[in-house]
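So you know, we letter chains A, B, ... as the sequences are listed, proteins then strands, and number each from 1.
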2 protein chains.
Amino acid sequence: MDRTGEIEPAQRMNCLGTATPEVDIRVAAFTVANDQISVLLDRTDGIQQLPRSVPNGVESIDQQARNLLRSHLGYPERYMEQLYTLTVVEMGVWRIVVSSVALIGSEDTPTPPARGRWLPVSELDGLSMGDEMVIEYALFRVRSKLDYTTIGFHLLSEEFTLSELQAAYETVLGRKLDKRNFRRRMSALGILTVTGSTRRDGSHRPARLYRYQPEQDSSDYLTPPWATAQEGS
Amino acid sequence: MDRTGEIEPAQRMNCLGTATPEVDIRVAAFTVANDQISVLLDRTDGIQQLPRSVPNGVESIDQQARNLLRSHLGYPERYMEQLYTLTVVEMGVWRIVVSSVALIGSEDTPTPPARGRWLPVSELDGLSMGDEMVIEYALFRVRSKLDYTTIGFHLLSEEFTLSELQAAYETVLGRKLDKRNFRRRMSALGILTVTGSTRRDGSHRPARLYRYQPEQDSSDYLTPPWATAQEGS
DNA sequence: TCAAAAGTGTTTGACTTACACCCATGA
DNA sequence: TCATGGGTGTAAGTCAAACACTTTTGA
């Protein structure tokens, strides 16, 4: 187990001779625009990759993931959830990757992020194995949770129309939904409030605007208690 | 744990001057016996704690968790799933804990594990904060998934009666279930096969024995593809 | 007046819940 | 014959899916 020569690709030794795994934190942040779902990629190092950082030994991993995203976007994410901790060998290095998924409201999407870009998931190319795995599973998780939680609301702006909400669902799920059933289902959640104003959007009837009321939201995201509580911004 | 005294609690530096977090792998393994749900605790170090190990830089974290459990029990687990990666400060050390939950069939429960013991979750005491968090969340996850997956089957022996299955559900959920509705629901899953034999158990009608057929199981555990595929034993 | 999206109800089948009695056995 | 757990059906209510037309607006 102990080797003293040059550093072995599979692991490294620290000063004490114990194995010191490379850990990194990665975030797959999605937004929906133009009927496409896009992921935030960092391009500071020339190549495009998921935003990442290394545990700093001070903040929790979850908190660091949040800050990582904020440093890219300049504002806090709408929804974030830890995904999975996977083991990959990338560039010859054995790594532990703690991955999270985040959702960004469409209000902020057009703003090009400081050190990255939004890339539609259909156009991804040349990513590392680990990044691909994270993105694929993140999408799976978001699609699954769209069915039994209210995460979909976090993809919109603060005020939105029911048609926008439905379009976001359809884009993420990749299939059409029935308008009447969709509206009934959303109304039944009891987390929608009408603002009273409308949005006129073309040569047709204007749409009513709604607002999401998180405090009424009883949907169970199945995340651990410590992930949703505390962790002050 | 090796510490040299002057090292900062929050983090350590390796030879390269980068932070090297302490990572460990912990498994909360549950079994059901005597109408109680018990967790496997390791007592090799005098104190009782969840079985744990440190990433070896060779196997995946998930595979290491499996092997960790096997080394305690002497046989493979029936079901295992990664839970969460949390950040804790224990004994003054900032740690990253990659936690998993496992279910053990009741056939093997009576066998006392080599270096540990089964302790009913109602009698836990003196565990570290991290272990408590892991166990609490693991129970939450198992209870939740009992509703929409078939994990419950992994708590039984290879052959079982429907009453045993129901008792396991009731023990985990902490409430009684209706016998007729329960049996209808289980039958509808299409993963039960009658063995033809029966078990006589007292002065009453003998019960039919069933077997779980995983290959018919279409329930979606929502785990990532790489966790269920490959990972050869 | 036309095009285009907003908005609205009903019916059907599937699933969930509540609920009570007879059956097979050993003592 | 009795005590014990094994085994079964039905009715009511709730939920999801399919399905089409009227409304309001700008051009």
Taking five pairs at each terminus, the helix from C:dT1-D:dA27 to C:dA27-D:dT1 shows an axis bend, to 10°, of 10°
If you round to the nearest 0.5 Å, how far is CG of B:Asp42 from CG of B:Leu69?
11.0 Å
Are A:Arg199 and A:Glu159 close enough for a salt bridge, meaning some N to O gap below 4.0 Å?
no
Validation row: B:Val101, B:Tyr84 side chains within 4.5 angstrom (heavy atoms)
no
So A:Thr195 and A:Ser197, side chain to side chain donor-acceptor pair (under 3.5 Å) or not? Walk me through it.
CA-CA 6 Å; A:Thr195 64; A:Ser197 50; 3.0 Å; yes
Distance col, row A:Leu165:CG vs A:Tyr212:OH, nearest 0.5 angstrom, shows 11.0 Å
When all nucleic acid strands are considered with a 4.0 Å heavy-atom cut-off, which category describes A:Ser163: base, sugar-phosphate, or nothing?
sugar-phosphate
Quick one: is D:dT8 close enough that its OP1 or OP2 comes under 4.0 Å of any side-chain N or O from B:Arg208?
yes
Any side-chain donor paired with an acceptor under 3.5 Å for A:Arg184 and A:Asn181?
yes
Could B:Arg26 and B:Glu90 be called an ion pair, given the rule that one side-chain N must be under 4.0 Å from one carboxylate O?
yes
Using side chain to side chain contact (heavy atoms under 4.5 Å, CB included), reason through B:Leu41 and B:Leu124 one step at a time and then give a plain yes or no.
CA-CA 10 Å; B:Leu41 293 181; B:Leu124 294 176; 4.2 Å; yes
Hey, can you tell me if A:His154 and A:Tyr79 have their rings parallel, tilted or perpendicular (30° and 60° cut-offs)?
parallel
Tell me what A:Arg185 touches on the nucleic acid: a base, only sugar-phosphate, or nothing, going by heavy atoms under 4.0 Å.
nothing
Could you list by number each residue of residues 165-183 of chain A showing a heavy-atom separation from DNA chain D of less than 4.0 Å, or answer none if no residue does?
A:Asp178, A:Arg180, A:Asn181
Nucleic acid footprint by protein, nucleotides 22-27 of chain D - heavy-atom cut-off 4.0 Å, B for base, S for sugar-phosphate alone
-BBBB-
Nucleotide D:dC15, atom P - distance to CG of A:Leu189 in whole Å
12 Å
Donor-acceptor pair, side chain of A:Gln166 and main chain of A:Phe182, under 3.5 angstrom
no
Could you tell me the separation between the CE atom of A:Met186 and the P atom of C:dA6, rounded to a whole number of Å?
16 Å
Rounded to whole angstroms, how far apart are CZ on A:Arg199 and P on C:dA6?
11 Å
Find the distance between OG (A:Ser60) and CZ (A:Arg66) and round it off to the nearest 0.5 Å.
6.5 Å
